Enquirer: 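The structure is given below, and queries will be raised subsequently.
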There are 2 protein chains.
Amino acid sequence: METITENQKLKVAKKIKKMFGHMKRSEMEYCPIRDVMALASDKWSILIILYLGYYPVLRFNQLKKKVYGISNKVLSERLKVLESDGYLSRTLYPEVPIRVEYELTDFGHSYLQKILDLSEWVTTYSDQIMANRKKYANAQG
Amino acid sequence: METITENQKLKVAKKIKKMFGHMKRSEMEYCPIRDVMALASDKWSILIILYLGYYPVLRFNQLKKKVYGISNKVLSERLKVLESDGYLSRTLYPEVPIRVEYELTDFGHSYLQKILDLSEWVTTYSDQIMANRKKYANAQG
DNA sequence: CAGAATCCGCGAGGATACTG
DNA sequence: CAGTATCCTCGCGGATTCTG
């Protein structure tokens with residue numbers, strides 16, 4: 001683990017102040033950043049976005065198979081939210097039977113890249129985290 | 001919104017394959033990345049980490065005041081998890097009355113920087129997301 | 001096929017009181 | 001002061017059935 005200098009810590013503090021400093025404590029509850037993140041950072045949404053990043057376009061039931069274990073209800077809910085926020089597009093083909101295709105928007109792709117960045121970071125440190133967890137568990141008995 | 005090229009999309013797909021391709025679908029449920037993320041990306045944990053990034057060291061009740069609205073139970077739970085995973089350190093001073101201080105580890109600082117990166121991205125696009133949301137809501141009636 | 005509707009369980013999280 | 005211990009509720013998410 002590379003050590004973080006005092007200077008870097010100061011920079012971070014400054015950045016936090018810039019980003020959140022203008023907010024009152026009671027407003028932090030409704031912080032737009034958390035609001036935005038909350039809707040697209042849950043377990044199912046991330047999986048949906050990952051699969052749509054891997055397979056360019058997927059239909060409802062295809063997604064349901066890929067996103068192992070998700071229910072109809074939750075899948076359609078998440079898709080609505082993700083469409084509403086602009087992460088993906090929904091295209092309906094009025095054939096018989098009906099066909100609906102989902103794919104990431106440019107915005108969705110942009111988000112996906114951020115997620116992958118974070119995932120890489122997590123991957124780098126996950127062993128260390130697991131070790132920490134074990135050590136802590138043993139220390140607690 | 002800058003357009004994303006087909007080439008970039010391919011790169012992303014490749015990266016996804018590299019990171020997740022070796023996993024079976026049923027294993028995605030227990031993906032270590034999601035496991036790690038889940039514990040440190042919830043609403044309260046992020047606030048705790050943010051405040052500890054801004055104030056170098058805080059005691060239990062100080063945190064409780066800063067992290068507006070959190071309950072005793074949840075705060076102590078989150079602190080345990082975050083300590084267990086190595087994001088922060090807990091130092092107990094056996095005075096009377098007792099004193100306990102929390103502060104970020106280097107690892108926690110590293111995570112904080114990732115969070116801030118993501119926040120900056122969200123900030124850049126939050127207006128657009130809100131606009132999308134409104135447009136979608138109106139379209140649905 | 002792509003969802004909507006309904007019902008239900010359970011577990012995270014809140015409020016409060018208590019303790020070393 | 002720094003947390004436990006309890007109790008309770010409320011809403012997410014799962015399973016199933018139904019429909020255009």
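Labels below follow one simple rule: chain letters A, B, ... track the order of the sequence lines, proteins then strands, and each chain is numbered from 1. Fair warning: this is a prediction, and the values are worked out from it, not measured in the lab.
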Enquirer: Could you state the atom-to-atom distance from CG of B:L63 to C1' of D:dC1 in whole Å?
Expert: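 Atom-to-atom, B:L63 to D:dC1, this comes out as 14 Å.
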Enquirer: So, for B:Y111 and B:Y87, which heavy atoms are closest and what is the spacing to 0.1 Å?
Expert: CG-CE2, 3.6 Å
Enquirer: Roughly what angle, to 10°, lies between the helix axis at the start of the helix from C:dC1-D:dG20 to C:dG20-D:dC1 and the one at its end, five pairs per end?
Expert: 50°
Enquirer: Output one letter per nucleotide in nucleotides 2-17 of chain D: B when a protein non-hydrogen atom lies under 4.0 Å from the base, S when only the sugar-phosphate is that close, - when neither is.
Expert: SBB-B------BBB-B
Enquirer: May I have the distance from B:Y93 (atom OH) to C:dG20 (atom C1'), rounded to whole angstrom?
Expert: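 After rounding, the gap between these two atoms is 20 Å.
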Enquirer: What's the separation between atom CD1 in A:I70 and atom CG in A:L63, rounded to the nearest 0.5 Å?
Expert: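 A:I70 CD1 to A:L63 CG: 8.5 Å, rounded to 0.5 Å.
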Enquirer: Could you check if a side-chain atom of A:R78 sits within less than 4.5 angstrom of a side-chain atom of A:S45, using non-hydrogen atoms only?
Expert: yes
Enquirer: According to side chain to side chain donor-acceptor pair (under 3.5 Å), who are the partners of A:T5, at least two apart in sequence or on a separate chain?
Expert: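 Residues passing side chain to side chain donor-acceptor pair (under 3.5 Å) with A:T5: A:Q8.
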Enquirer: Compare every heavy atom of B:M130 with every heavy atom of A:V36, then report the nearest pair and how far apart it is.
Expert: CG2-CE, 4.2 Å
Enquirer: Which residues satisfy the side chain to side chain donor-acceptor pair (under 3.5 Å) test with A:R133, sequence neighbours excluded?
Expert: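 Per chain and number, A:R133 pairs via side chain to side chain donor-acceptor pair (under 3.5 Å) with B:D35, B:D85.
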Enquirer: Mind checking side chain to side chain contact (heavy atoms under 4.5 Å, CB included) for A:K9 and listing every partner two or more places apart, or none if nothing turns up?
Expert: A:I4, A:E6, B:H109
Enquirer: Quick one: side chains of residues 112-124 of chain B, donor-acceptor pairs under 3.5 Å with protein atoms, not counting sequence neighbours, listed by atom name and distance.
Expert:
from   : atom 1 : to     : atom 2 : distance (Å)
B:S119 : OG     : B:I115 : O      : 2.9
B:W121 : NE1    : A:S110 : OG     : 2.8
B:T123 : OG1    : B:S119 : O      : 2.7
B:T124 : OG1    : B:E120 : O      : 2.8

